[in-house]
Amino acid sequence: MIETDALVVGAGPVGLFQVFELGLLGIRAHVVDSLPVAGGQCIELYPDKPIYDIPATPVCTGRELVARLLQQIAPFAPVFHLGQQVDTLQREADGRLRVESSAGTRWLAKTVVIAGGVGSFQPRRLKIDGLAAFENTQLRYGAPDDLQTLNGQRVVVIGDDEAALGCAIALAPHARVTLMHRRDEFKAAPETIATLRQMRSEAKLQFIAAQASGIERTGDRLTALQVLAADGTTHALPLDTLLVLTGLSPKLGPIADWGLDLERKQLVVDTARFQTREPGIFAVGDVNTYPGKKKLILCGFHEAALAAYAAAAVVFPDVPIHLEYTTTSPRLHKALGIAPAG
Ligand code: FAD
């Protein structure tokens with residue numbers, strides 16, 4: 001059980017800035033995200049697209065914004081727990097909050113800030129009768145960590161984006177790879193598509209324009225996918241492993257089950273503290289709602305600042321919290337690791 005003053009659920013841009021604002025007030029945070037990397041929508045949905053409305057930053061990409069936020073919060077040494085979803089949040093008898101993740105990590109937190117955005121990103125699952133039984137054995141959502149584990153196998157990769165094409169290309173020297181997508185068109189970088197076409201022409205991997213319609217099994221083994229090809233024919237595509245990389249979609253998921261007030265799948269908060277109806281549980285960024293709410297990063301940053309002050313009042317109930325400027329406060333300079341002037 002990890003005891004902490006603050007647990008931030010969600011490592012999107014707002015969750016990251018929340019760490020900074022908490023850090024300025026002397027609170028070190030643990031941060032959990034279901035994704036394997038920090039950055040939320042900025043990394044998952046538009047890493048290379050420009051953002052023009054971050055104050056004093058005329059332009060930066062989603063990836064650059066996240067890199068700068070990570071740099072900015074580094075002095076506060078947050079503890080990241082990535083690749084795990086927060087499943088449960090309950091109040092203990094002593095008022096602290098007991099939180100548990102899908103990986104079995106447990107925290108006892110004085111405050112929890114939910115920065116869950118539009119929800120936890122989950123792989124889009126292939127809905128075919130009987131297929132779910134093979135998940136984590138012959139069926140995986142995502143590329144394998146170690147390509148060698150598929151050596152010599154017949155592998156079907158489903159998807160059309162950079163991740164799917166990259167996986168098929170990387171696997172081709174190790175396995176007999178068939179990439180499948182409903183059309184012979186891809187949403188990947190031109191150079192990745194060119195590599196794919198080259199490898200197809202050299203028969204280093206196969207491509208099939210088709211959609212999965214069913215499975216074939218022998219005993220407890222998945223032996224083939226039934227596919228409906230773009231030309232209207234159906235046939236079986238034999239396989240040993242099926243890798244589905246058809247992207248991620250956000251699901252509010254367990255946040256909806258934590259007994260907090262929701263309005264159209266968003267957490268209702270006040271605008272002085274950004275607190276939910278539960279004391280010590282705050283919600284910032286895209287996950288919250290209040291009159292006039294705008295789902296903008298800039299608004300989330302403001303919310304994080306006020307939520308941090310309110311969290312500090314919970315963590316340090318007997319200490320008056322004063323506003324200090326980062327420009328002039330020696331305490332803040334020390335916290336930020338900045339050498340005293342002169
Ligand atoms: P998110 O970025 O959604 O991050 C939330 C994180 O919480 C996710 O990583 C998720 O995995 C995690 N999470 C959720 N539930 C759990 C759980 N139970 N356990 C663990 N982790 C969980 N905004 C602007 O201001 N300017 C722009 O120019 C702009 N351009 C955009 C362009 C596009 C294409 C899109 C889609 C959005 C754009 N936005 C823009 C909106 C902006 O990206 C969002 O407002 C911002 O990402 C919200 O940040 P967040 O930290 O609240 O949530």
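We count ligands from 1, going down the list as the structure has it; atoms in each ligand are counted the same way. Note that this is a predicted model, so its numbers are computed, not measured.
For ligand 1, the polar-atom distance check finds no N/O of Trp258 at less than 3.5 Å from any of the ligand's N/O atoms. Checking only distances, Ala11 never comes within under 3.5 Å of ligand 1, N or O to N or O. Considering backbone and side-chain atoms alike, Ser34 places an N or O below 3.5 Å from some N or O of ligand 1. Annotation: Cys42 places no N or O atom under 3.5 Å from an N or O atom of ligand 1; distance criterion only. Considering backbone and side-chain atoms alike, Gln85 places every N or O at 3.5 Å or more from each N or O of ligand 1. Residue Pro50 places no N or O, backbone or side chain, under 3.5 Å from any N or O of ligand 1.
When ring centroids are compared, Phe274 and Phe282 stay outside the 6.0 Å threshold. Ring to ring, Phe207 and Phe186 are close: their centroids are under 6.0 angstrom apart.
Atom 8 (C) of ligand 1 has its closest protein heavy atom at Asp33 OD2, 3.4 Å. Of the protein's non-hydrogen atoms, the one nearest atom 25 (O) of ligand 1 is Ile297 N, 2.9 Å. Shortest contact from atom 45 (O) of ligand 1 to any protein heavy atom: Asp286 OD1, 2.8 Å. The closest protein non-hydrogen atom to atom 10 (C) of ligand 1 is Gly119 O, 3.2 Å.
Of the residues Val32, Val86, Thr4, the one that meets the side-chain contact (heavy atoms from CB on, under 4.5 Å) test with Val99 is Val86.
Between Phe301, Tyr46, Tyr52, it is Tyr46 that holds the heavy atom closest to atom 34 (C) of ligand 1. Taking each of Val31, Val86, Ile51 in turn, the one with a heavy atom nearest to atom 18 (N) of ligand 1 proves to be Val86. Of all the listed residues (Ala38, Gly117, Pro13, Gly15), Pro13 holds the heavy atom that lies closest to atom 49 (O) of ligand 1. Taking all heavy atoms of Ala283, Pro254, Gly116, Cys60 into account, the minimum distance to atom 14 (C) of ligand 1 is reached by Gly116.
No hydrogens or angles considered: a donor-acceptor pair under 3.5 Å links the side chains of Gln85 and Asp87. For Thr105 and Gln84, the side-chain atoms include at least one donor-acceptor pair closer than 3.5 Å. Gln266 and Asp286 are not linked by any side-chain donor-acceptor pair at a separation below 3.5 angstrom, with hydrogens and angles left out of the test. Using modelled atom types and a 3.5 Å distance limit, the side chains of Gln138 and Asp240 yield no donor-acceptor pair. With no hydrogens or angles considered, no side-chain donor-acceptor pair links Gln90 and Glu100 at under 3.5 Å.
Neither the backbone nor the side chain of Glu44 has any atom closer than 4.0 Å to an atom of ligand 1 (non-hydrogen atoms only). In Asp53, the part holding a heavy atom less than 4.0 Å from any atom of ligand 1 is the side chain.
Heavy-atom contacts from other residues, nucleotides or ligands closer than 6.0 Å to CG of Asp220 number 12 or fewer.
Atom CD of residue Glu278 and atom CG of residue Leu97 lie 8.0 Å apart, to the nearest 0.5 angstrom.
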